[in-house]
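Worksheet for the structure shown next.
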Amino acid sequence: MKGLWLKDWLLLKAQWLAAVITGVLAWGAMLVFRQTGIVVGMGIASLTMSLVMLATVSADQASHGLSFILTLPITARQYVAQKFALLLAVIGTTTLAMMALALGYRVYAHWALAPSTLLGICGSLALVIFLILGVTLSYQLRYGAERAQVAMSLLGGVVALLIGGGIAAVRYTTWGPKMWARLLSDYTTHGGLTVVAVLGLLAVIVWLGGRHFARPLAQ
Amino acid sequence: MLNVDQLQQHYPNFDLNVSFTVEADEIVGLIGRNGAGKSTTFKAILNLLAPDAGNITLFDQPVTTLTPEAKARIGATFPESFFADSFTLQDIGRILQASYSGFVLATFFANCQAQHLPLNKPLKAFSTGMKAKAKLLVAMSHEADFLLLDEPTSGLDVLVRQEVLAMLQDYLDAKAGRAVLLSSHISTDLETLCDRILLLDAGQIRLAVTVDELQTHFGVLKLNAAQYAQVKTEHLLAAKPRAFGYQALTDQRQFYQENYPQLVIEPATLDDLLVLLTEEDVE
């Protein structure tokens, strides 16, 4: 397993420029959009870094390379588990870095933003990104990069449909506004806790189900 | 060391069904045309695909349950599968050091330099021959007991092939108990290196023969139509019509030399086996 981590670290290290550009963009987002920039910056940073992480899978799979990698003293189960752990580590590290940046900015710019709210926003975004990329990662591990791109596009379509459907439900149905009002009420009462809990539950399902789905691996 | 028992894999136009063993201190060559089932067999041995039926054991354990410690005793090469092209041998050395307990970084680097392989250039800058040497050095770098080499000399010129074969021979001579299963399209490589040859055709092992047996007993007969009608065919393994009449393969060369001194009979090569046994049977 140590060898897998080192291999991926060497691949990620080569992408340092992406990390620098992402950091600058995230910082710029907060400078321009102020508090809203936290969401924008988090989105940019987590998504970019996670896509860079997915590139480590593509590098393994290029030219049937995975067949050779699986002859190393590891099992296919360990390989999949390490990739999911790497995804989590990349999203976690990026989220922490963004939170530290936002907290620093909060003090510097005297934002009236509670650290717990900031934590809720960043945590929710991190979980959403984990859900999207967890599904993509599972699909890529099983079917390869090309089909994973199609899956990611479909997933984006589903997300857009959900958002669009939600807006349409609020505007054109009787139950939509009630549900929205209830969601807002829950959010006001419990903060982002319910949202984080639901997303967390979904993340656990993707974590466990995705690792199972990803085998057998595309070679 | 390796026991492949009734390994079966079914595809729409192809059925693999093979059984064979590789013992310690033995070098076994797998020869066959493209699509004969060599790579499928190798992948099944490495547990890279789940066969439809059969049992494969390596180091007396089913390959499906090999622990990482047992897998560390295997070295493998594939013609088109290796580390990412962006890695240098320095990177690969560090990865191997983190993966194998029996790996010594300084020895690996020294071996690379002895083969004139640059340590700090990415693999994408390597020639075919350099890559082949790098793959073999990686397979041999961690004191593996069993080497599984799929086309290790593919695409190499004769000089590099000889160097690669010499590296492999040195590795085998260095320690008793090691075993190798390798495939190659280049029959002379297998004749030079192997103790035993398995000829695979359309998913079946058509012939298992030691190189000594091949060189001592096998022969190719060149016969005109009248001669072919007269000779006893019970010792002919295969015959193929040719412009001059027939070309036939026997595993009883001496029988034909003694009983038919007028015939043209030459010692058989692996190429002869491949051509005659994978085309059509004796009529």
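Letters A, B, ... are given to chains in the order of the sequence lines, protein chains preceding strands, and every chain is numbered from 1. Here the structure is a predicted model, which means the values were calculated and not measured.
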Candidate pair B/Thr192 and B/Gln162, rule side-chain contact (heavy atoms from CB on, under 4.5 Å), full reasoning
CA-CA 10 Å; B/Thr192 305; B/Gln162 285 177 352; over 6 Å; no
Before giving the answer on side-chain hydrogen bond (donor to acceptor under 3.5 Å, both in side chains), spell out for B/Asn47 and B/Thr64 the whole-Å C-alpha distance, their side-chain angles and the decisive distance to 0.1 Å.
CA-CA 6 Å; B/Asn47 196 29; B/Thr64 49; 5.6 Å; no
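Heavy-atom minimum distance, B/Ala179 versus B/Met1: CB-SD, 3.5 Å. Nearest heavy-atom pair, B/Leu119 versus B/Phe109, reported as atom, atom and distance to 0.1 Å: CD2-CD2, 3.7 Å. Taking each heavy atom of B/Ile95 and B/Ser99 in turn, the nearest pair found is O-OG, 2.8 Å. Among all heavy-atom pairs drawn from B/Lys131 and B/Leu123, the shortest one is CE-O, 3.4 Å. Taking each heavy atom of B/Gly37 and B/Leu200 in turn, the nearest pair found is C-CD2, 3.5 Å. Residues B/Gln61 and B/Ala70 share a closest heavy-atom pair of NE2-CB, 3.9 Å.
With respect to chain B, the highest number of heavy-atom pairs below 4.5 Å among A/Ile69, A/Thr71, A/Leu4 belongs to A/Thr71.
For B/Leu46, the part lying near chain A is the side chain, with the backbone staying farther off; criterion is any non-hydrogen pair under 4.5 Å. If you measure heavy-atom distances from A/Ala59 to chain B, the contacts under 4.5 Å come from both the backbone and the side chain.
Residues of residues 77-92 of chain B placed with any heavy atom under 4.5 Å of a heavy atom in chain A are listed by number as B/Phe78, B/Glu80, B/Ser81, B/Phe82, B/Phe83, B/Ala84, B/Ser86, B/Phe87, B/Asp91. Chain A is approached within less than 4.5 Å, heavy atom to heavy atom, by no residue from residues 2-31 of chain B.
Remark: the backbone N or O of B/Tyr171 is paired with a side-chain donor or acceptor of B/Arg178 at under 3.5 angstrom.
A/Thr56 and A/Lys83 share a donor-acceptor pair across their side chains, judged by distance under 3.5 Å alone. No hydrogens or angles considered: a donor-acceptor pair under 3.5 Å links the side chains of B/Asp150 and B/Ser39.
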